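Pasting a structure here, questions to come.
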Amino acid sequence: MSNIPADLRYAASHEWARLENDGTVFVGISDHAQEALGDVVYVELPEVGAQLAAGQEAGVVESVKAASDIYAPLAGEVLAVNQALVDNPELVNSDPYGSWFFQLKPSDVSELDALLDADGYRAAAEADA
Amino acid sequence: MGQRTPLYDQHVALGAKMVDFGGWDMPLHYGSQVEEHHQVRRDCGVFDVSHMTVVDVCGAQAKAWLQHLLANDVERLQTMGKALYSAMLNPAGGVIDDLIVYLTPHGYRLVVNAGTRDKDLAWMQSQLGDYAVELRERAELAMLAIQGPHARARTAELVSPSRAELIHSLKPFQGLADGEWFIARTGYTGEDGLEIILPASEAVDFLGELLGAGIAPIGLGARDTLRLEAGMNLYGQDMDEQVSPLVANMAWTIAWEPASRDFIGREALQAERAAGVASKLVGLVLEERGVLRAHQVVRVEGVGEGEITSGSFSPTLGKSIALARVPLATGERAEVEIRGKWYPVRVVQPNFVRHGKALI
């Protein structure tokens, strides 16, 4: 079974979101998602400064096998992107929860509450498997 | 649930991610597809290819029948065990399947694709007519491919002395029997290696011995990237019944001479050749980051458009490569549309890696 940290929030589309003390949110993809994709070979990130709506396409992750869109789990402005993933996409496989894709300044941080908690995501991921 | 090969339980025990492939439950990978790919290029690995269909052809007119059935000419098989790659065409010149045919003491042995088994057998049966030919599908046999620069040496250490001697003496593209095993120096990776057809009851133990000797199991995922790097077609993707071998980089497999040989599809191919073929299958290399995929549109400035038939990331080259069908006049440059953006690609011979070495 894949690793689903209890301190994160999850979208049904397999992104995780981590709220920082400064009120910003880091976004990546779950262990379950990287495992389903297989070896990641390409990552496309949003533009810094972009305003994303919740559920809006924010990037792409491609494995040898397939391409998959990354969605913004909540609305906000892109503050930073993780260039290291562009240079070393395999980090998404080896360290999915350290491999953040982008950092958001949320429009409304309470949108996090609408996302799944670890138990909710585990149930969704199992149903999906 | 799909069909299972005799080695299904071993795949599951090895932690394989199982997927449907042409109606069969097959291992996609056992952890990392990219690692498995490198393993075959650098050392060797073993693939379960028992889903493939083996058909023995015998009878007094086996040769004459195959000369009618196949676009390549089995007359070219002059030494025992020699193998030939051929298309089996429909009357319109479309590819029903691609296959390997070996010359055997009893006639011929054909290995055809798994996903096309039913239609292949039905087509072959329908073409028997009055020929004195007997077809025998060998569903009781399993098939293992051991591929990589060290495949033959490593395998020879694990088998009987007579089989080891056979493995050492086989020429490329030759397959011979030893007892109930048929051992061929063929494959689908662009590396040296073996394909061994053996009774299903013995395959379980033999796979166990190969794994026990440290030979890594390799899934269908790596099989696909290995064959793509080697520029080998995948049936159903790079060609099918709508596509002629002339535009599938398979012109070399058509035996035009002798002109008197009347093989199925000949007339259509001759007409196509006389009219001039419109397209060709080429290789593409993406120099920027990104991944080429089947069905992406290829644009050639001043010439026209084409389409990617197979595309993936090449683990050996560290960049994306593809096979694409493009207008005949295509030169050295083209562009590919990925998610609405156009990326420049280099057009090359569809042969990217052989024997561990980059060719582009």
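Since the model is a prediction, treat every value here as computed from it, not as a measurement. Lettering follows sequence order; numbering is per chain, from 1. Basis for what follows: all heavy atoms, side chains included, without hydrogens, waters or symmetry-related copies.
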Task: Heavy-atom proximity to chain B below 4.5 Å, by part of A:V43 - done: neither
- [ ] Select all residues of residues 112-119 of chain A having any heavy atom within less than 4.5 Å of some heavy atom of chain B, and report them by number, or 'none'.
- [x] none
TODO: Not counting sequence neighbours, which residues clear side chain to side chain donor-acceptor pair (under 3.5 Å) with A:S30? List them please.
DONE: A:Y121
Task: Contact origin within A:A67 toward chain B - heavy atom pairs under 4.5 Å - done: both
Open item on the list: Suppose a student defines contact as a heavy atom less than 4.5 Å from any heavy atom of chain B. Which residues in residues 10-24 of chain A would they list?
Closed with: none
Here's a test: name every donor-acceptor pair under 3.5 Å between chain A and chain B, with the distance for each.
from, atom 1, to, atom 2, distance (Å)
A:D39, OD1, B:S32, OG, 2.8
A:D39, OD2, B:S32, OG, 3.3
A:D39, OD2, B:Q33, N, 2.7
A:D39, OD2, B:V34, N, 2.9
A:E44, OE1, B:R339, NH2, 3.3
A:E62, OE1, B:R293, NE, 3.0
A:E62, OE1, B:R293, NH2, 2.8
A:E62, OE2, B:R339, NH1, 3.0
A:E62, OE2, B:R339, NH2, 3.0
A:S63, O, B:R293, NH2, 2.6
A:V64, O, B:R293, NH1, 2.9
A:V64, O, B:S312, OG, 3.2
A:K65, O, B:R293, NH1, 3.4
A:A66, O, B:R293, NH2, 3.3
A:V86, O, B:R289, NE, 3.2
A:D87, OD1, B:R289, NH2, 2.9

